[in-house]
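Take a look at the structure below.
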Amino acid sequence: MPSTLIEKILSRAAGLDSATPGEILTCAVDMTVVIDVQFAMTRLMDVVAVHDPDKVAIVMDHAVPAPTVRDATHGTRARAFAHQHGIERFFDVGKHGIVHQVIAENGLATPGSVVACTDSHTCAAGAFGAAARGLGPAEILQILCTGKTWHRVPPTIRYELVGTKPAHVNGKDLFLAIAAQYGDATDHALEFGGPGLASVPMADRRTIATQGAEVGADFTLFPADALCLDHLRAIDHRLALEPVDADHGATYAAVRRIDLNQVDAMVARPGTVINNAVPVAELEPTPIDQAFIGSCANGQLTDLEEAARVVAGHRVAPGVRLIVTPASQQVYREAVERGYVSTLMDAGAVVTNSTCGACFGYHMGVLAPGEVCVTASTRNFRGRMGSTEASVYMASPATVAASAIAGSIVSSKHVMEGTSA
Amino acid sequence: MTTTDDLVVTGRAWVFGDDVNTDDMYPGFAMKMSTQEASRFMFDATRPGWPDLVEPGDIVVAGRNFGLGSSRPVAELFTTLGIAALVAEQYNSLFLRNCLNFGLPAVTITDATRFITEGDVVTLEIENGTARVEATGAECTFARFPEFLVEMLRRGGLIRQLEAAGHLRSPAESTA
């Protein structure tokens, strides 16, 4: 029976030939990732035995280096847990980064695999053709003990990409355009494919797969095409890799055609991305207080490169803060080596330690009442980045960087044209 | 206002709207607090002060897309306040799994916010899939959970099941 990507991966993981939407399957999990905040759950320390320590990683990301004694205690527990159960893949402070970036950099999610982590943006690994989703702390505890969990096979919405992605369009713009037009995808899987996919780089696929959580999708999946396999081989040539794609003739809940040539820079208004994003021009010029580039969605090396390109030779507008958070130590180091960090700092940006940090309004870059932020992170919920009386707009790193220079929400074209003039 | 071992819940309803997200129920700043303290800040953005009005055994009712957002364990805050069950027209799947795994029954009634008015005393028979508004006697049915989830709820959640299966030591054993 022809299968969609998610049907294929979940049925394989359950030891079946095929599966149909609505079926509940017990699936073997190939990689389980535990993060620092999960160690708030003291019961982790009561685990008798980890099912398979080789299929577990621990990543310190949400609150590192520890901003509170409570967070420091989570670190103590994480180190004890790693030691007790012989978890070798332990990305402690110094090797840290946002979990989904660390998964990507280390080849922890491979095509066709099942990946589990408590964090809601675990769907990011769908960029590599992995069935990955956030499951919450109790369920991760179960998988650590048993190596398995259940998944309900969701119906699939397919986005058939045609045309070529314009160079200035980020995965964020493409995602916001889709969320604006089609709204939520609760209880569905999203699947991307079509002839235009080859023009969408891995970094943009990561952004899109990450943000799938924001329209309520259970999974967001890209096929493991040549671009994906080459990317993973470059990370680790020892990875066992094979192409994974949906079958021709698979049954979809909907097939939606997206002409990439028609996608332009988008901004989501505060509150939600669902049916709430518009082309940048419609919001120009909204004055801002803070601009943020970072998170599992847009803290990648290409995002910092793009931000540096936009701000080069300019200064952040008076009264505006530009905060840039590389998604991992590895991204940070490469951004230093390539000069992006000095370019950003010369423009007046603050380049911070690699952490989830400002995205979830926890331990830096928190917004005051009445402030306006434009962010390239994952969520624009009321209160997400600080005060419930602050407003959070969402856009691509290029739009955020340009807005920091202008002091108000603008298209990066304005700033770049200013450079060449 | 009671919850019984046979998964029958009777409680007073609090009604919320569509698209209630996790960051509203469990604000980022509250993640710095104990579960007990954090529970005092549920709905801080949209309904501040609500936790003070809750009585043990109450039920929370919401509309569509309930719980979009983070994996933070909102269910623990609800149970800390004594919320006995959730009813919604539609859930975010991560939020739903999180609730059931922490032993909080969360049932789907497609017209929940029309069927139930704030303040109604409602009885939910989780296993049978029936709901009743006590004042009017109005009844409706809802989709029953698969047996393995009913069993998990009967046990009080996934962690209790892991203990019973010998996967988790009791906290006392660990500290001993």
Side-chain angles (χ1 to χ4, degrees), chain A residues 24 26 37-38 40-43 45-49 51 62-63 67-68 70-71 117-122 133-142 144-146 149-150 152 154 184 186-187 213-218 271-272 274 359-363 366 379 381-386 388-389, chain B residues 18-19 21-24 27-35 38 41 44-46 48 64-76 90-103 146 148-149 152 157-163 165-175:
Chain A
I24 292 176
T26 301
V37 287
Q38 192 177 345
M41 179 186 248
T42 54
R43 299 311 305 276
M45 309 317 286
D46 300 330
V47 168
V48 173
H51 178 262
H62 275 65
T68 68
R70 184 178 159 83
D71 290 299
C117 172
T118 185
D119 192 78
S120 57
H121 292 116
T122 304
R133 63 161 300 157
L135 290 168
E139 199 161 330
I140 294 303
L141 188 54
Q142 172 195 245
L144 286 169
C145 297
T146 66
T149 196
W150 61 276
R152 188 191 63 95
D184 82 274
T186 306
D187 291 334
E214 303 319 310
V215 288
D218 289 354
T272 179
I274 296 169
C359 175
F360 76 121
Y362 192 72
H363 61 109
V366 172
R379 296 199 165 115
F381 297 162
R382 182 175 167 191
R384 168 80 179 178
M385 296 181 72
T388 57
E389 304 307 318
Chain B
D18 292 337
D19 303 314
N21 68 57
T22 54
D23 291 51
D24 185 16
F29 68 84
M31 292 174 72
K32 295 192 176 99
M33 302 171 180
S34 69
T35 303
F41 294 95
D44 186 59
T46 56
R64 277 181 45 82
N65 201 8
F66 187 27
L68 181 78
S70 154
S71 66
R72 53 192 76 168
V74 176
E76 286 195 305
Q90 181 198 47
Y91 295 88
N92 174 269
S93 64
L94 168 56
F95 178 69
L96 177 62
R97 291 173 88 117
N98 238 340
C99 290
L100 301 176
N101 288 336
F102 281 103
F148 78 100
L149 290 178
M152 184 171 73
L158 195 44
I159 289 171
R160 299 257 173 85
Q161 279 188 311
L162 291 171
E163 281 173 350
H167 289 301
L168 282 187
R169 287 181 293 265
S170 73
E173 283 175 304
S174 284
T175 52

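Lettering follows sequence order; numbering is per chain, from 1.
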message: Which atoms of B:L162 are under 4.5 Å from chain A, going by heavy atoms: the side chain, the backbone, both sets, or neither?
response: side chain
query: When you measure from the side chain of A:R379 to the backbone N and O of B:G69, does any donor-acceptor pair fall under 3.5 Å?
result: yes
- request: Just give me the residue among A:C117, A:G134, A:G361 that pairs up with chain B most often, heavy atom to heavy atom, under 4.5 Å.
  value: A:G134
query: How about B:L68 and A:I274: do any of their side-chain heavy atoms sit closer than 4.5 Å?
result: yes
query: Please walk me through it: do B:L168 and A:V48 pass side-chain contact (heavy atoms from CB on, under 4.5 Å)?
result: CA-CA 6 Å; B:L168 282 187; A:V48 173; 5.8 Å; no
task: Just give me the residue among A:E214, A:Q142, A:R152, A:R382 that pairs up with chain B most often, heavy atom to heavy atom, under 4.5 Å.
output: A:Q142
- prompt: Hey, does the side chain of B:K32 reach the backbone of A:D71 with a donor-acceptor pair shorter than 3.5 angstrom?
  reply: no
message: Nearest 0.5 angstrom please: A:F381 CZ to B:N21 CG, how far?
response: 4.0 Å
message: Any heavy-atom pair between the side chains of A:I24 and B:F148 that's under 4.5 Å?
response: yes
query: If every non-hydrogen atom of A:R70 is compared with every non-hydrogen atom of B:M31, which pair is closest and at what distance?
result: NE-O, 3.2 Å
A:R43 side-chain N/O to B:R169 backbone N/O, donor-acceptor pair under 3.5 Å: yes
field: Region of A:T118 that comes under 4.5 Å of a non-hydrogen atom in chain B
entry: both
Partner chain B: residue of A:R133, A:H62, A:Q38 with the largest heavy-atom pair count (under 4.5 Å): A:R133
- request: Evaluate the side-chain contact (heavy atoms from CB on, under 4.5 Å) criterion for residues B:L158 and A:L141: first the C-alpha distance (whole Å), next the side-chain angles of each, then the deciding distance (0.1 Å), finally the verdict.
  value: CA-CA 9 Å; B:L158 195 44; A:L141 188 54; over 6 Å; no
task: Side-chain contact test, heavy atoms from C-beta onward, threshold under 4.5 Å: evaluate it for A:M41 versus B:E76 and give yes or no.
output: no
message: Out of A:P137, A:G216, A:G383, return the one with the most heavy atom pairs under 4.5 angstrom to chain B.
response: A:P137
